[in-house]
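When a ligand or atom number is given, it counts from 1 through the structure's own listing order. Note that this is a predicted model, so its numbers are computed, not measured.
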Amino acid sequence: MSEFSLIDRYCQNIGVSHQATSIDVGDDAAVIQIPSNKELAISVDTMVEGVHFFPNVSAENLAHKIAAVNLSDMAAMGAEPKWATLALSLPKINENWLAAFSMSLNRVLTHYGVQLIGGDTTQGSLTLTMQIMGLVDKGEALTREGAQLGDVLYVSGQLGDAALALAVLKGEIDQGEMDRQHLLSCLEKPIPQVALGLEIAGFASSCIDISDGLVADIQHIAKASDIAISLDVERLPLSTSYAHYLDVGGNLDLALSGGDDYQLAFTANPMHQTTLEKISSELGVELTDIGKIVAKHDDISSSGSDHLLQLSFNGKPYALDRDLGYQHFKGA
Ligand code: ADP
Ligand code: MG
């Protein structure tokens, strides 16, 4: 099979077809129309076999994940995802793999209202790169800046399960009573919080998606917003699998700093609490108040990034296990 029939068969008509797409797959470039009251939010993510995923992950789950990690970036910006392009590097042409990949990609992109409008196909080690584009009202994109003193810090969903799954797969942690299916699905098929991002776009003061771990990512908010965050560790939303892990001597490190959760962390003025409760029940998405925005210490510039984030457990200072190599805490 040639590169061209591969594209015809597996890369055409994926996702939803938008009227605002003037030219899609098949020409030298795609052409899209942006309404005059909107701006385009653009993001790209790459997944490399052996770096971002194990060689045995199914084509179906890979398609889901490359879309989900990109959709999560749209969610974090409060943007409505619309278009995507896909650069595929494949070691060889395996039609079963391509058929499963293509079907899964179509399913997930259709679900989130995205059209695949182009890409590139090359031979090489298995690597997936997706670029995603979405629309946001002019000047209304949610950013990491803007968190204000007194704002509440919220997080969606539950934390740490993807990192827990990875540790179980690597044999670092015994699976014990944990729900393997649930953990695997958190790692390989994360659910991007697109609807939540759109709902909070109008009033959240800052937002980020948690791809590198809660502690690292909320510090980006603190830094960009020039404030500090006080995090109540005892309030972290955890799954029953994570609770089993705690029962057998696990700690909160994976929930605090494990990656790949793809939940949203955002800040909002406390006056929006009732609205958020409503959004949470309408979307069926857990939203937990896990901390608040506080003034940063005066000596912050001389004492490193530690003071951007103060952790406490039931009111007492809480120390992260620094032996785990948290680069963000270096220099403390
Ligand atoms: P060019 O030679 O101009 O780079 P290609 O032969 O790479 O064009 O691609 C032909 C058409 O197929 C283009 O419209 C391109 O966007 C599309 N395409 C190629 N690979 C993919 C892919 N993996 N997914 C979606 N569209 C693709
Ligand atoms: Mg090309």
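Looking at ligand 1, you won't find any N or O of Asp24 less than 3.5 Å from one of its N or O atoms. Looking at ligand 1, you won't find any N or O of Cys11 less than 3.5 Å from one of its N or O atoms. In terms of polar-atom proximity, defined here as any N/O pair under 3.5 Å, Phe4 makes no such contact with ligand 1.
Under the 4.0 angstrom criterion for non-hydrogen atoms, Glu3 is in contact with ligand 1.
Although no hydrogens or angles enter the test, the distance criterion places a donor-acceptor pair under 3.5 Å between the side chain of Ser104 and the main chain of Glu60. A donor-acceptor contact shorter than 3.5 Å is absent between the side chain of Ser206 and the backbone of Gly146.
With rounding to the nearest 0.5 angstrom, the NZ atom of Lys65 is 12.0 Å from the OG atom of Ser58. Ile218 contributes atom CD1, which lies 10.0 Å from atom CG of Leu308 (distance to the nearest 0.5 angstrom).
Side-chain atoms of Ser205 and Gln148 form no donor-acceptor pair, as typed in the model, at a separation below 3.5 Å. In the model, Gln310 has no side-chain atom that pairs as donor or acceptor with a side-chain atom of Ser230 under 3.5 Å.
Near Asp27, the atoms of ligand 1 lying under 4.0 angstrom from a non-hydrogen atom of the residue are 13 (C), 14 (O). The distance from ligand 1 to the heavy atoms of Leu86 drops below 4.0 Å at these ligand atoms: 22 (C), 23 (N), 24 (N). Of all atoms in ligand 1, listed by their number and element, those nearer than 4.0 Å to a heavy atom of Thr121 are 19 (C), 20 (N), 21 (C), 22 (C), 23 (N). Applying the 4.0 Å criterion to heavy atoms of Asp28 picks out, from ligand 1, the atoms 3 (O). Within ligand 1, the atoms closer than 4.0 Å to a non-hydrogen atom of Asp120 are 7 (O), 19 (C), 20 (N), 21 (C), 22 (C), 23 (N), numbered from 1 in the order shown.
Under 4.0 angstrom from ligand 1, the non-hydrogen atoms of Val25 come from both its backbone and its side chain. At a heavy-atom distance under 4.0 Å, only side-chain atoms of Leu116, from C-beta outward, approach ligand 1.
Using cut-offs of 30° and 60° on the angle between ring planes, the pair Phe266 and Tyr154 is parallel. Between Tyr245 and Tyr242, the ring-plane angle classifies as perpendicular under the 30° and 60° cut-offs.
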